[in-house]
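What follows is one structure encoded as structure tokens, with my remarks underneath.
All residue numbers in this chain count up from 1 along the given sequence. Worth saying up front: this structure is predicted, and the values here are computed from it rather than measured.
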Amino acid sequence: MNDTNALSNCRLAFIGCGVMAEAIIAGLLRKQLVTPEQIVGSHPRSARRQEIHAKYGIEMFEDNREAALAVQPSGPDTGSVLVLSVKPQRLLRVLQELKGSIHQDQLVVSIVAGARMETIADELLHAAVVRTMPNTPAQIGEGVTAWTPSAAVNETQEQQVRAMLDALGKAVRVENERQIDMATALSATGPTYIFLVMEALIDAGVHMGFSRHVAQELVHQMILGATLFARESHKHPAELRNMVTSPGGTSAEAIYQMEKGSLRTVLSKAVWAAYQRAESLGERK
Ligand SMILES: NC(=O)c1ccc[n+]([C@@H]2O[C@H](COP(=O)([O-])OP(=O)(O)OC[C@H]3O[C@@H](n4cnc5c(N)ncnc54)[C@H](OP(=O)(O)O)[C@@H]3O)[C@@H](O)[C@H]2O)c1
């Protein structure tokens with residue numbers, strides 16, 4: 001195991017071991033940031049507890065409180081992170097269960113969409129809370145997660161959060177919870193925009209006469225390559241677009257149709273609508 005990482009003296013408990021918790025656990029172990037002995041999880045279903053234990057060798061509990069208590073700090077140099085990874089509609093009940101079981105030096109990290117830090121802190125009577133917003137590609141270690149800490153989170157705990165979120169891909173610290181809602185609309189909801197574009201392009205390929213299989217292969221690699229190229233070239237997207245738009249060529253023709261169809265405005269309105277939705281969902285919790 002890598003001894004220089006921020007999680008080397010840290011224990012972690014995952015409350016609710018579903019898809020996203022499993023992605024973090026798998027990433028942490030794959031990157032050898034922790035050993036299985038440093039992680040515990042909780043889940044109400046015995047079959048799921050057995051599955052996670054068999055796959056990752058971590059201790060599993062039925063009772064959420066027992067999982068939280070199992071990773072309590074054992075000394076001043078040990079860290080402890082409690083990850084809330086249940087669905088939003090289950091969160092309140094889980095917080096009520098956990099109330100009184102959180103050690104003062106534990107850090108609570110929430111990946112629950114829409115749940116405000118104030119709500120979590122008030123319910124748990126615990127001030128050190130980090131709110132995160134991952135996205136679906138986190139499941140293969142290629143996600144991007146926006147995160148923000150409450151005022152009570154110390155520098156060591158921030159490093160632990162960074163190390164943990166790096167296991168999901170890239171972690172970006174944002175300034176406040178409003179920006180978490182903004183990231184919800186942009187990067188967390190974002191894959192669905194790209195999936196829709198992907199689907200439309202594959203269908204366009206099929207419309208021209210490609211088999212679905214070939215159209216899919218061309219589109220997947222094109223989107224991946226364009227993204228990597230844009231990132232590595234450090235050029236503005238408009239500059240990259242101009243580089244491949246020759247006078248009277250295919251790109252010019254296609255871009256004319258996209259502008260005529262207001263693609264830019266549609267995307268902007270979609271992101272804004274998602275942001276407003278994220279804000280209103282948060283207000284109720
Ligand atoms: N998936 C994503 O791409 C994504 C992206 C951003 C944020 N998130 C957030 O991440 C959180 C988890 O999402 P997910 O996709 O991992 O959902 P998920 O697969 O449904 O995981 C939640 C798990 O919690 C279990 N559970 C239910 N009640 C519980 C309880 N009382 N105590 C402990 N565990 C309980 C569920 O069990 P059952 O299976 O039996 O119901 C389920 O396995 C959500 O709050 C979501 O908003 C997810």
Side-chain angles (χ1 to χ4, degrees), residues 5-7 10 12 14-15 19-21 23-24 27-28 31 33 79 81-88 91 95 106-124 126-194 227 230-231 234 236-237 267-285:
N5 84 73
L7 296 173
C10 191
L12 301 100
F14 290 83
I15 306 300
V19 173
M20 214 25 109
I24 305 176
L28 289 171
K31 294 194 172 184
L33 291 169
V81 178
L82 193 76
V83 182
L84 301 171
S85 43
V86 292
K87 286 279 190 203
L91 181 67
L95 293 176
Q106 265 178 326
L107 172 67
V108 175
V109 176
S110 167
I111 66 164
V112 182
R116 301 268 170 217
M117 289 195 289
E118 194 184 0
T119 309
I120 295 169
D122 287 354
E123 287 297 328
L124 292 179
H126 186 81
V129 179
V130 165
R131 187 172 163 199
T132 74
M133 181 44 63
N135 67 358
T136 328
Q139 288 172 42
I140 56 159
E142 292 292 343
V144 60
T145 305
W147 66 279
T148 196
S150 69
V153 175
N154 64 39
E155 182 53 38
T156 307
Q157 290 171 325
E158 286 198 19
Q159 284 169 11
Q160 290 161 354
V161 173
R162 274 195 198 94
M164 188 186 92
L165 297 180
D166 278 348
L168 293 177
K170 203 170 175 152
V172 178
R173 186 189 159 147
V174 296
E175 286 167 21
N176 49 44
E177 290 200 274
R178 182 174 166 264
Q179 293 194 351
I180 291 284
D181 288 335
M182 288 157 59
T184 304
L186 198 60
S187 54
T189 315
T192 62
Y193 314 148
I194 302 304
T227 304
R231 194 175 67 180
H234 300 292
H236 189 282
L267 285 174
S268 181
K269 281 185 173 172
V271 174
W272 188 255
Y275 168 54
Q276 287 181 313
R277 185 79 184 130
E279 272 198 320
S280 71
L281 287 174
E283 274 160 20
R284 282 191 248 140
K285 295 187 184 91

Contacts of type side chain to side chain donor-acceptor pair (under 3.5 Å), residue Glu155, not counting sequence neighbours: Gln159

Exam field: side chain [X] to backbone [Y], donor-acceptor pair closer than 3.5 Å:
{"X": "Arg131", "Y": "Ala115", "result": "yes"}
{"X": "Thr189", "Y": "Leu186", "result": "no"}
{"X": "Ser150", "Y": "Val129", "result": "yes"}

Can you give me the closest heavy-atom contact between [X] and [Y], atom names plus distance?
{"X": "Leu84", "Y": "Val112", "answer": "O-CG2, 3.6 Å"}
{"X": "Phe14", "Y": "Leu28", "answer": "CZ-CD1, 4.1 Å"}
{"X": "Asn5", "Y": "Leu7", "answer": "OD1-N, 2.6 Å"}
{"X": "Ile120", "Y": "Ser110", "answer": "CD1-CB, 3.5 Å"}

Rounded distance (nearest 0.5 Å) linking atom [atom1] of [X] with atom [atom2] of [Y]:
{"X": "Glu279", "Y": "Glu177", "atom1": "CD", "atom2": "CD", "result": "11.5 Å"}
{"X": "Ile111", "Y": "Met164", "atom1": "CD1", "atom2": "CE", "result": "7.5 Å"}
{"X": "Glu175", "Y": "Ile180", "atom1": "CD", "atom2": "CD1", "result": "11.5 Å"}
{"X": "Thr136", "Y": "Ile194", "atom1": "OG1", "atom2": "CD1", "result": "12.0 Å"}
{"X": "Gln157", "Y": "Cys10", "atom1": "CD", "atom2": "SG", "result": "9.0 Å"}
{"X": "Leu91", "Y": "Ile15", "atom1": "CG", "atom2": "CD1", "result": "11.0 Å"}

State, with a plain yes or no, whether a side-chain heavy atom of [X] is found less than 4.5 Å away from one of [Y].
{"X": "Thr148", "Y": "Gln179", "value": "no"}
{"X": "Thr184", "Y": "Tyr275", "value": "no"}
{"X": "Leu33", "Y": "Asp166", "value": "no"}
{"X": "Val174", "Y": "Met133", "value": "no"}

So, applying side-chain contact (heavy atoms from CB on, under 4.5 Å) with Leu107, which one of Val83, Leu82, Leu12, Val153 is it? Val153

Which residues pass the side chain to side chain contact (heavy atoms under 4.5 Å, CB included) test with [X], not counting sequence neighbours?
{"X": "Lys87", "result": "Gln89, Arg90"}
{"X": "Thr156", "result": "Asn154, Gln160"}
{"X": "Gln106", "result": "Val71, Gln72, Pro73, Ser80, Ile102, His103"}

In terms of heavy-atom contacts, does CD of Gln276 have more than 12 from other residues, nucleotides or ligands at under 6.0 Å? yes

List in chain and number order the residues that pass salt bridge (Lys or Arg N to Asp or Glu O under 4.0 Å) with Glu158, two or more places apart in sequence or in another chain; answer none if no residue qualifies. Arg162, Arg173

Output all residues satisfying salt bridge (Lys or Arg N to Asp or Glu O under 4.0 Å) with Arg178, sequence neighbours left out; order by chain, then residue number. none

Could you tabulate the donor-acceptor pairs under 3.5 Å formed by side-chain atoms of residues 140-147, not counting sequence neighbours?
none

